[in-house]
Amino acid sequence: MRNILVLGATGSIGSQTLNVISKNADELNLIGISLYDDLTELPQILKKFPNLKYVWALHPDAKKYPQVTFVNSLEELASLPCDLVVCAIVGFAAFKPLVSAIKTKHNVALANKECLVAAGDYLNALVKKNKVSIYPIDSEHSALYQCLKGEDIKSVKRLIITASGGPFRDKKLSELKNVTVAEAIHHPTWKMGPKISIDSATLVNKGLEVMEAHYLFNLPYAKISVVIQKESIVHSLVEFVDGSIKAQLGVPNMEVPIQYALFSGEHHLKTDAYLDFNKPLDLHFMPIDEKRFKAVKLAYEAGEKGLSYPLVFNSSNEVAVQSFREGEMAFCDIVPVIEKCLAKHTPCKVSSYTDIIRVDEEARELALSIIKEAKK
Ligand code: NAD
Ligand code: MG
């Protein structure tokens, strides 16, 4: 039996992780979760998972739930004895518990990509020092992980990350002026949390994923490319030096990569996500129009420059997306805010925990001031 802690248990990835755990109840045991500011799902979760003992929530309610222990912090939760920590909190908010999990020598199934982008070198060094493994949950990176299994990394010509292109793939730039939050959140092939849905609409998500792949697989940016795959069936590909290409395919269902990560990179029964080849299956690939979707180009530039650039890319995007969701700025202005932040910030090394926290705070302030300035 493997004891599992799930950080961000009520989100899109978190709730699908709980589904995977309950389908595999003979092998996986949920022992701790984090919620955030909403406890409404807790009674149902406790009913389904009787062994659940530890909970972190922003506003704990110890009297109402005497059967659980409310821990004092996310870091404390992430450091409890267990066999695997699933990191499904959205954004840089996952950084401290992620560090805590790795320092406790826990293996991590990682859905969160923002932390890896913001602090990739720091986290990779920590992973190495503590001899733990990171199993990617992000579907593209799970696909790359599977394609690379058993291969010599030296024989890889490039990683090819697929992108659906988001809800506005075929729209003209002029049509994107008055995009509403609801339109931006409506993704054509995946049902995800609001932040990543907006990131998919701007293609910032693909930019983050390029940097995520760089840190996960330790390959230079020149060996990472992106292609649009309309149907979200081919989750990513690896091209080898001899021209041979391996791809991972499957229906767009996050339970597949989640389960694969929960079993430390092994295929297992219990999902019912099968591609039906009795029906015609069309797969369309096309290049990304970098002029329309500047986010991917910006991400490559930030990644290549290194230092604090990837971190600032992430922090400024988080602030811009939040402002858009609050009606403070237009959808079209999200990527320009990132671009301005990258240009305006003073690049520096982000080698330590405190550097990372400080530069993230500074980048957020800079992004807010840029948004405020634009409103004048
Ligand atoms: P979501 O918004 O649905 O869920 C986020 C979870 O984090 C919730 O449980 C929420 O309560 C918690 N949370 C939010 N802010 C918090 C804070 N400040 N402190 C503690 N907890 C907080 O998001 P999601 O779509 O499940 O995405 C989670 C992560 O997984 C993101 O980093 C995303 O990029 C990545 N991811 C998601 C998908 C997907 O299909 N949803 C696919 C690939 C990668
Ligand atoms: Mg993805």
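Throughout, residue positions are numbered sequentially from 1 according to the sequence presented. Note that ligands are numbered from 1 as they come in the structure, with each ligand's atoms numbered from 1 the same way.
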Which of the atoms of ligand 1 are close to [X], meaning less than 4.0 Å from one of its heavy atoms?
X: L74; answer: 20 (C)
X: A93; answer: 17 (C), 18 (N)
X: G11; answer: 1 (P), 3 (O), 4 (O), 8 (C), 9 (O), 26 (O)

Do the side chains of [Y] and [X] get nearer than 4.5 Å, heavy atoms only?
X: N314; Y: F92; answer: yes
X: E151; Y: V238; answer: no
X: I228; Y: K206; answer: no

Inset, instruction - Measure from NZ or CZ of K103 to the centre of the six-membered ring of Y353 and say whether it is under 6.0 Å with the direction within 45° of the ring axis. - result: yes

To which protein heavy atom is [atom] closest, and what is the distance rounded to 0.1 Å?
atom: atom 43 (C) of ligand 1; value: D138 OD1, 3.0 Å
atom: atom 25 (O) of ligand 1; value: G193 N, 2.9 Å
atom: atom 11 (O) of ligand 1; value: Y36 CB, 3.1 Å
atom: atom 35 (C) of ligand 1; value: A111 O, 3.2 Å
atom: atom 6 (C) of ligand 1; value: A88 O, 3.6 Å
atom: atom 29 (C) of ligand 1; value: I89 O, 3.9 Å

Inset, instruction - Mind checking whether K113 contacts ligand 1 via backbone (N, CA, C, O), side chain (CB onward), both or neither, at a 4.0 Å heavy-atom cut-off? - result: both

Inset, instruction - Please work out whether any backbone atom (N, CA, C, O) or any side-chain heavy atom from C-beta onward of V90 is under 4.0 Å from ligand 1, and answer side chain, backbone, both or neither. - result: both

Legend entry - Charged N-O contact under 4.0 Å between E239 and K157: yes

Legend entry - Pair E362 + R358: basic N to acidic O under 4.0 Å: yes

Measure from the Mg ion (ligand 2) to every N/O/S atom of [X] and report the name of the nearest one.
X: D138; value: OD1
X: E140; value: OE1
X: E209; value: OE2

Does ligand 1 come near enough to [X] that some N or O of the ligand is less than 3.5 Å from an N or O of the residue?
X: S34; result: no
X: I13; result: yes
X: S12; result: yes
X: I196; result: no
X: T10; result: yes

Inset, instruction - Name the option, out of K96, M192, K195, E140, that contains the heavy atom nearest to atom 40 (O) of ligand 1. - result: M192

Legend entry - Selection from H187, E114, E209 by shortest heavy-atom distance to atom 32 (O) of ligand 1: E114

Legend entry - Any L7 heavy atom less than 4.0 Å to ligand 1: no

Legend entry - Ring centre gap for Y135 and F263 strictly below 6.0 Å: no

Legend entry - Within the 6.0 Å centroid threshold, strictly below: Y260 and H268: no

Legend entry - Under 3.5 Å donor-acceptor, N112 side chain and A94 backbone: no

Inset, instruction - Give the cluster check for I233 versus I288: same hydrophobic cluster or not, with ILVMFWY residues linked at side-chain heavy-atom distances below 4.5 Å. - result: no

